[in-house]
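In what follows, a structure is listed as structure tokens, so that the remarks can point back to it.
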There are 2 protein chains.
Amino acid sequence: MKKVKLSEIALAAGVSRATVSLALRGSPLIAKPTAERVRAVAERLGYVYNRTAAALRNRKTHTIGLVEANFKNPFFAAMSESVEREIEQRGKALLFVDSAESLQRQQKAIQLMLEHGVDGILLCPVRQTTQEDLGILVKAGVPFVLFSRYIPGFNTDYVGAANVEGAYQAVRKMIELGHRRIIFIGGEPYTSPWFDRVKGFKRAMEESGIELPSPWYVCSEVSVAGGASRVDEVLQMRPVPTAALCYSDTVAFGFMLGLERRGIHPGRDFAVVGFDDLPESRLWRPPLATLACPPSKVGSMAIRMLLERLDGEEGPPRRVEIQSELVQRDSLCPMWNT
Amino acid sequence: MKKVKLSEIALAAGVSRATVSLALRGSPLIAKPTAERVRAVAERLGYVYNRTAAALRNRKTHTIGLVEANFKNPFFAAMSESVEREIEQRGKALLFVDSAESLQRQQKAIQLMLEHGVDGILLCPVRQTTQEDLGILVKAGVPFVLFSRYIPGFNTDYVGAANVEGAYQAVRKMIELGHRRIIFIGGEPYTSPWFDRVKGFKRAMEESGIELPSPWYVCSEVSVAGGASRVDEVLQMRPVPTAALCYSDTVAFGFMLGLERRGIHPGRDFAVVGFDDLPESRLWRPPLATLACPPSKVGSMAIRMLLERLDGEEGPPRRVEIQSELVQRDSLCPMWNT
DNA sequence: TCCTCCCATTAGACCGATTTAATTATACAC
DNA sequence: GTGTATAATTAAATCGGTCTAATGGGAGGA
């Protein structure tokens with residue numbers, strides 16, 4: 001199992017190590033016939049390029065770190081896909097960690113990636129993350145881009161959905177359809193998207209002079225189970241809400257399933273709107289109205305911003321918000337007349 | 001942004017590079033007070049261990065490659081999670097690629113990982129993969145474990161679900177409940193789990209002397225959309241099937257949504273069984289009967305087998321099948337009486 | 001023939017940690 | 001004081017590419 005290295009190719013081809021190195025990378029310094037011969041020998045010997053050695057010398061690993069907070073969420077899965085696609089195209093590799101909402105795991109992941117010498121990091125910070133927690137990245141001078149979640153007061157590169165506007169839009173529409181008792185359901189509290197969605201929600205209610213129900217939001221894990229787990233609580237409120245803005249489509253799915261189980265028909269007796277526009281949302285019964293913000297856009301924008309930094313882009317931090325568009329579907333029904 | 005290295009710590013602590021190296025790794029060769037002093041200096045200077053350099057010297061990167069075929073499938077997401085957990089615990093890193101059912105991408109990923117010098121690889125091969133395609137891994141002597149899918153005739157380490165038995169079990173149950181016109185829905189054809197599930201399906205039908213409908217299976221993408229897209233086709237068959245075994249829970253979800261849209265109630269008018277037992281399956285309306293095979297078990301078994309190989313385990317290839325257990329829920333209803 | 005210029009090739013230092021073999025310091029016995 | 005064993009430390013080679021500066025060889029001009 002001995003690995004073939006440059007010096008062995010050099011020997012076999014009757015040239016020097018330097019020539020082999022240059023030839024294999026297609027340097028114009030090497031004459032065409034020589035390069036061709038070297039390439040053939042390398043192929044014949046089954047040579048595998050050693051990126052570790054090259055990385056040591058170049059101080060560049062061509063590796064990107066991706067730290068997610070919750071990749072069981074299909075939105076993140078879709079996002080990662082587009083990140084991966086871009087990275088693959090450039091012949092780079094992806095170091096991946098799911099911090100699973102644990103600060104400790106996240107910090108360990110960052111440390112690991114620094115030790116591996118990643119060229120840059122894409123990070124969706126867990127909820128308790130402070131500016132100090134990321135100080136190690138700043139000190140190490142490793143470029144990073146936050147995605148989906150930002151850290152209030154910490155001015156960094158960031159890409160995420162237009163959460164305030166999205167939620168605002170949805171609630172305005174609900175009000176326009178006659179709803180007055182509206183509630184916000186699900187999400188990890190004290191993450192920026194949760195906070196911003198709640199903010200847009202509240203703003204729309206207040207602007208219309210509608211009193212907020214009490215409580216006016218309930219939190220949950222971002223999953224079908226999370227949404228389903230809050231149904232009883234909501235139905236026990238008096239007066240009972242008639243509409244819900246859900247933190248995500250998955251939460252909305254769970255909530256709708258829970259409603260149905262209790263004989264309440266979403267899209268007729270209860271209006272539901274989600275966030276994300278997953279591919280299956282339009283297939284649901286009823287089709288789920290939702291705030292569409294393509295995960296692929298978030299992903300490719302984030303990785304592009306990072307790659308620009310790696311190429312030496314020096315400007316001030318950029319904050320990019322991807323537009324959230326309300327997709328009207330049957331689950332967003334008018335208030336029933338009493 | 002200059003990086004601190006061992007020699008600088010050595011200088012500051014008044015010892016040699018070798019001492020620093022040993023001290024930081026807690027070697028018993030170094031006297032306690034010295035080690036303590038060195039550690040303090042390293043801390044003060046903000047030293048970050050350079051794994052690239054260590055990897056070059058040690059010929060070991062402490063990195064594992066994970067190549068998935070379709071990680072938008074929630075089953076894989078859950079599986080990856082348990083893999084990650086195990087790897088993290090051991091201070092190793094994960095190089096991740098989603099081949100997205102493309103052989104070309106898969107081969108590129110394998111090449112990349114070899115160049116990065118991963119210690120081992122977990123691979124879910126795309127459908128066209130042949131033994132020759134993985135020859136490069138064998139030649140390079142890099143241990144690998146296949147998961148979820150195997151390659152017929154290629155005797156390697158493998159961990160996956162008990163697909164034949166699972167499908168067999170489900171179909172027997174359907175027959176017991178009075179169903180005769182049963183169809184298999186969804187999945188990527190010519191992957192081993194598809195083939196094995198279809199095989200178990202067929203075996204159960206034949207053993208009971210029931211004629212297979214024509215066609216007796218339809219394929220689809222493994223997703224909600226995939227399942228939904230096959231409903232019309234199935235309902236147009238004559239005689240119309242009364243039960244379906246679906247390739248996965250996601251396919252089953254899509255299929256059930258499609259049935260409902262056409263006014264057919266799964267769990268009453270049509271029996272449906274899935275594969276995987278996703279956390280939301282029990283929450284569905286109706287709750288989805290399914291073949292449970294915990295993704296975390298598959299994942300942790302696969303990574304453990306790989307780690308054993310890395311520790312020098314030399315035995316013959318091991319094939320491990322994780323039991324699939326039929327979870328009876330409302331979607332698996334008896335045949336209605338005509 | 002000699003000199004210059006240019007192109008192709010190469011020697012050798014380098015990246016930063018690891019480890020072996022050697023050296024120095026310390027302890028203890030005789 | 002000498003010798004031996006043991007503990008602590010270190011010099012230097014090493015991992016495998018990369019790249020700069022130097023070398024060699026051939027063409028062309030005078």
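Quick note on labels: first sequence line is chain A, next is B, and so on, each numbered from 1.
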When the distance from CD1 of Ile9(A) to C1' of dT10(C) is rounded to whole Å, what number comes out?
16 Å

Can you tell me how far P of dG16(C) sits from CD of Glu115(A), to the nearest Å?
15 Å

Interface limits on DNA chain D, where chain B has a heavy atom under 4.0 Å of a nucleotide atom
dA8(D) to dG16(D)

In chain order, what residues pass the side chain to side chain donor-acceptor pair (under 3.5 Å) check against Arg90(A), with sequence neighbours excluded?
Glu86(A)

Overall bend of the helix from dT1(C)-dA30(D) to dC30(C)-dG1(D) (five pairs an end, 10° steps) is 70°

Just grab all the ring pair (Phe, Tyr, Trp, His ring centres under 6.0 Å) pairs involving residues 72-120 of chain A, residues at least two apart or on different chains.
Phe71(A)-Phe96(A), Phe96(A)-Phe96(B)

Identify, with sequence neighbours excluded, every residue that meets side chain to side chain donor-acceptor pair (under 3.5 Å) alongside Ser99(B).
none

Length of the line joining Lys5(B):NZ and dG16(C):P, which is rounded to integer Å
4 Å

What's the NZ-P distance between Lys2(B) and dC15(C), to the nearest Å?
10 Å

So, using side chain to side chain donor-acceptor pair (under 3.5 Å) as the criterion, who are the partners of Glu221(B) when residues are at least two apart?
Ser223(B)

Charged N-O contact under 4.0 Å between Arg149(B) and Glu101(B):
yes

Any pair with a residue in residues 123-134 of chain A that passes salt bridge (Lys or Arg N to Asp or Glu O under 4.0 Å), sequence neighbours left out, goes on the list, sorted by first then second residue, please.
Arg127(A)-Glu188(A)

Can a salt bridge be assigned to the pair Glu313(B) and Arg318(B) using a cut-off of 4.0 Å between side-chain N and carboxylate O?
no

Using the side chain to side chain donor-acceptor pair (under 3.5 Å) criterion, which residues pair with Asp157(B)? Sequence neighbours excluded.
Arg309(B)

Between Thr19(B) and Arg59(B), whichever has its closest DNA chain D nucleotide further toward 5' is Thr19(B)

With a 4.0 Å heavy-atom cut-off, tell me which residues in residues 20-41 of chain A come close to DNA chain D, sorted by residue number.
Ser21(A), Arg25(A)

Sorted by chain and number, sequence neighbours left out, ring pair (Phe, Tyr, Trp, His ring centres under 6.0 Å) with Tyr158(B) holds for Tyr150(B)

Could you check which residues of residues 47-55 of chain A get a heavy atom under 4.0 Å from DNA chain C? Sort them by number, please.
none

Output side-chain donor-acceptor pairs under 3.5 Å for residues 52-60 of chain A, partner residues at least two apart or in another chain, one line each.
unit_1   : atom_1 : unit_2   : atom_2 : d
Asn58(A) : ND2    : Ala54(A) : O      : 3.2

dT10(C), dA13(C), dA17(C): which one has an atom nearest the side-chain heavy atoms of Ala18(A)?
dT10(C)

I need the CG-P distance between Asn58(B) and dT20(C), as an integer number of Å.
11 Å

Thinking salt bridges, do Arg85(B) and Glu81(B) make one under a 4.0 Å N-O criterion?
yes

Nucleotide dC15(C), atom C1' - distance to CG of Leu6(B) in whole Å:
13 Å

Pair Val38(B), Val15(B) - check side chain to side chain contact (heavy atoms under 4.5 Å, CB included), show working.
CA-CA 8 Å; Val38(B) 168; Val15(B) 295; 4.1 Å; yes

To the nearest 0.5 Å, what is the distance between OH (Tyr47(B)) and CD (Glu115(A))?
8.0 Å

